[in-house]
Amino acid sequence: MKTNSIFTLLIILITLPAMAEPVKILVADFSQESENIYNQEPISNWVQNTLEEFDSIQVIALNQSVAPDEQLSYYKELMEANQSDLLIFGSVTALHDSTHINFYYIPADYNMETNAFEPFLREFTIRNLSEMQTEIPYLLRFNTSALATMTLLNSQLIDEAYDASEKTLTLAQMRDFSEIQSSAFHIRGMVFQLGIFNPDSALDDYNTALSLNPENTSVLESRASLYSDLGYYNQAIVDMNRLLELDPNNIPMLYYRGSAYSKSGQYEKALLDLNSYLQLVPDDVDAIYVRSLTRANMGEIDAALNDFHRVIELDPEHINAYINQAQLYLSIGQLEMVLPLLTRAMEIDNTNLRIYNTLLVLLITNENWQSVIEYSNVGLALAPEDPFFYKSRSIGYLATDQFNLAYEDIEYVIQSFKDGIFGSATNREIDPLIATAEELTMFVNLTPNSSEYFHMRGIYYFHQDQLTKAINDFTEALAINPQTYYALFYRAMAHADSGNKQGAIHDLQAFLLLCPEGTDDAKFATSQLDRIQEL
């Protein structure tokens, strides 16, 4: 985990599990000096009184001093003994020109052996405030309300989190402290972004927060995150540039900016950021994966494949690395490398649609038509309205002469685009489907035993360059009705394209005996007869 990531404020959201039951919080008193003038009553009591205003939070307060630099094992023992989901402790420091109130929390699943301590420390800090001695209780109340909001949000108690954010904002507006008001708008913005999912309101709150405190890096990080989530990568990059100006040592921001550059197609800039980041954090799987995608888009195939290999080496369960590597091999024609990668991806998650998208392209390339139909059906079982699987299955049906079924699939896709189910399609995408459907319509609605049916199916085969099938169908049409003279013309053309000169001449001569003289069709057939005889 990146300790200074764009989601710094949301570390608790990553580490705490979603809970249906009320969140149980253990508050350990953080008054560390018995002579401290702010220790006239335990601070844990003040925190408890604020948290108990929220029905979805259960609080246990311990009136004993806990210092942040004590061993983590002690904190874990406290939590286990009280069966709590979260431990809160902190500190109040009053200097001659500022007040620092820091809250730290540790989730129940924190692992001392595998996790560093720093990522799980979160400071809700108010700094550089005048009148600090008289404002301590107020600042404690504000910070505790802010913490309650984030805890409720993480527990997916969205309505309660919104109410708590409104209380936090009301508290902020009781004082003329721009830093506090900035934090309050930021917190409500996070509820809008991560809970209610109202990005417009979240963006409004982030903008207000930054107008109150332009150098609030936490808000800049959240706004950059929101821009990235919405696909506004250039706006996200502006915020990330500002964050790196304010803190050039914000190493993880190089990764996030590199990712935004890559997603916006600015691959050269992306590669510079990602390389700089990976020089400092060489085994970051996410960064190596993004670099592999960037290199693939830049056409640096060997380097991209090396990065995919490295991702899989570091994380053998990284399903997207297997799929993207398979797609890259497919694009350069190394087909034998594709199936083993997709098979491994299926072992990890056989419901991932990208596996079947890639597999079907491979099967179509190899003309394995029965498997195309089979895996299209698998895809449709997972995603019943996915047009890709209908289109791939229609190709399989066409190749195996199941025209009625192919026609149904193509018509479904065309109608779905027209109804807006799959969004708008370009003419380049939909015109070939419409043309194919029109060709199929000509004989799907005919009686399979009629000469017209075999005639029209033969025309379809002819346009698909399936000449043997076309000749057989034209022959069948003529056997049923020898007067179907256009079948003679098309059979002649199929014979000519397959190298049977005499067969083509024979059929054109027979066609001219049946076709009315002087018509355009007769003139064209005569020109074709002359051309073939001269070969």
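For F197, there are no ring pair (Phe, Tyr, Trp, His ring centres under 6.0 Å) partners two or more places apart in sequence or in a different chain. In terms of the salt bridge (Lys or Arg N to Asp or Glu O under 4.0 Å) criterion, residue partners of K469 (sequence neighbours excluded) are, by chain and number, D401. Checked against side chain to side chain donor-acceptor pair (under 3.5 Å), Q334 has no partners two or more places apart in sequence or in another chain.
Side-chain contact between D163 and K167: absent, with no pair of heavy atoms (C-beta onward) separated by less than 4.5 Å. H309 places a side-chain heavy atom less than 4.5 Å from the side chain of Q325. Counting only heavy atoms from C-beta outward, the side chains of K24 and I57 never approach each other to under 4.5 Å. No side-chain heavy atom of I158 sits less than 4.5 Å from a side-chain heavy atom of L152. Here the side chains of T168 and R188 are not in contact, with every heavy-atom distance at 4.5 Å or above. L359 is listed as a side-chain neighbour of M346, based on a closest heavy-atom distance under 4.5 Å. Within the 4.5 Å cutoff, no side-chain heavy atoms of S450 are placed close to those of I480. Side-chain contact between E385 and Y412 is present, with at least one heavy-atom pair separated by less than 4.5 Å.
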Inset, instruction - For side chain to side chain contact (heavy atoms under 4.5 Å, CB included), just list the numbers for F462 and D497, CA-CA rounded to whole Å, side-chain angles, deciding distance to a tenth of an Å, and then say yes or no. - result: CA-CA 10 Å; F462 176 74; D497 288 349; 3.7 Å; yes
Inset, instruction - Tell me, with the steps shown, if V285 and R310 meet side chain to side chain contact (heavy atoms under 4.5 Å, CB included). - result: CA-CA 8 Å; V285 171; R310 181 60 178 153; over 6 Å; no
Legend entry - Verdict with supporting geometry, Y390 and Y397, ring-ring contact (aromatic ring centres under 6.0 Å, His included): CA-CA 10 Å; Y390 281 100; Y397 284 147; over 10 Å; no
Inset, instruction - Apply side chain to side chain contact (heavy atoms under 4.5 Å, CB included) to the pair I395 and W369, showing each step before the final yes or no. - result: CA-CA 8 Å; I395 293 171; W369 304 120; 3.6 Å; yes
Legend entry - Derivation of the salt bridge (charged side-chain N to carboxylate O under 4.0 Å, His left out) call for R344 and E317: CA-CA 9 Å; R344 176 68 183 108; E317 302 295 305; 2.9 Å; yes
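Judged by distance alone, the side chain of S84 and the main-chain N or O of E80 form no donor-acceptor pair under 3.5 Å. Under the 3.5 Å distance criterion, the side-chain polar atoms of Y256 are left unmatched by any main-chain donor or acceptor of A224. Using a distance-only test at 3.5 Å, with no hydrogens or angles considered, a donor-acceptor pair links the side chain of Y356 to the main chain of N350. Panel note: side chain N377, backbone I373; a donor-acceptor pair is recorded below 3.5 Å. Panel note: side chain T358, backbone R354; a donor-acceptor pair is recorded below 3.5 Å.
When the shell of 6.0 Å around OH of Y375 is examined, it contains 12 or fewer heavy atoms from other residues, nucleotides or ligands. Open room surrounds OH on Y232; 12 or fewer heavy atoms of other groups in view lie less than 6.0 Å from it. With a 6.0 Å radius and a threshold of 12 heavy atoms from other residues, nucleotides or ligands, Y490 has its OH atom at or below the threshold. Residue E336 qualifies as enclosed at atom CD: its count of foreign heavy atoms under 6.0 Å is above 12.
For the atom pair CG of N404 and CG of D409, the computed distance is 11.5 Å after rounding to the nearest 0.5 Å. Interatomic distance, S201 OG to I196 CD1, rounded to the nearest 0.5 Å: 8.0 Å.
With D239 as reference, R223 is the one residue of R223, E221, R257, M253 to meet the side-chain contact (heavy atoms from CB on, under 4.5 Å) rule.
No hydrogens or angles considered: nothing links the side chains of R295 and N306 as a donor-acceptor pair under 3.5 Å. Between Q266 and N234, the side chains place a donor N or O and an acceptor N or O closer than 3.5 Å (distance only, hydrogens not considered). In summary, the side chains of Y289 and N324 do present a donor paired with an acceptor at a separation below 3.5 Å, with no hydrogens or angles considered. No side-chain donor from either of E476 and H455 sits under 3.5 Å from a side-chain acceptor of the other. If you check the side chains of Y162 and E166, you find a donor sitting under 3.5 Å from an acceptor. Using modelled atom types, one finds no donor on one side chain facing an acceptor on the other under 3.5 Å when comparing S165 with T149. Between the side chains of D286 and Y255, no donor-acceptor pair of N or O atoms lies under 3.5 Å. A donor-acceptor contact closer than 3.5 angstrom is absent between the side chains of H186 and S218. A donor-acceptor contact closer than 3.5 angstrom links the side chains of T475 and R491. When only modelled atom types and interatomic distance are considered, T351 and D349 share a side-chain donor-acceptor pair under 3.5 Å.
Nearest heavy-atom pair, A494 versus L467, reported as atom, atom and distance to 0.1 Å: O-CD1, 4.1 Å. Closest approach of A304 to L328, counting heavy atoms only: CB-CD2, 3.8 Å.
The distance between the ring centers of Y461 and F403 falls below 6.0 angstrom.
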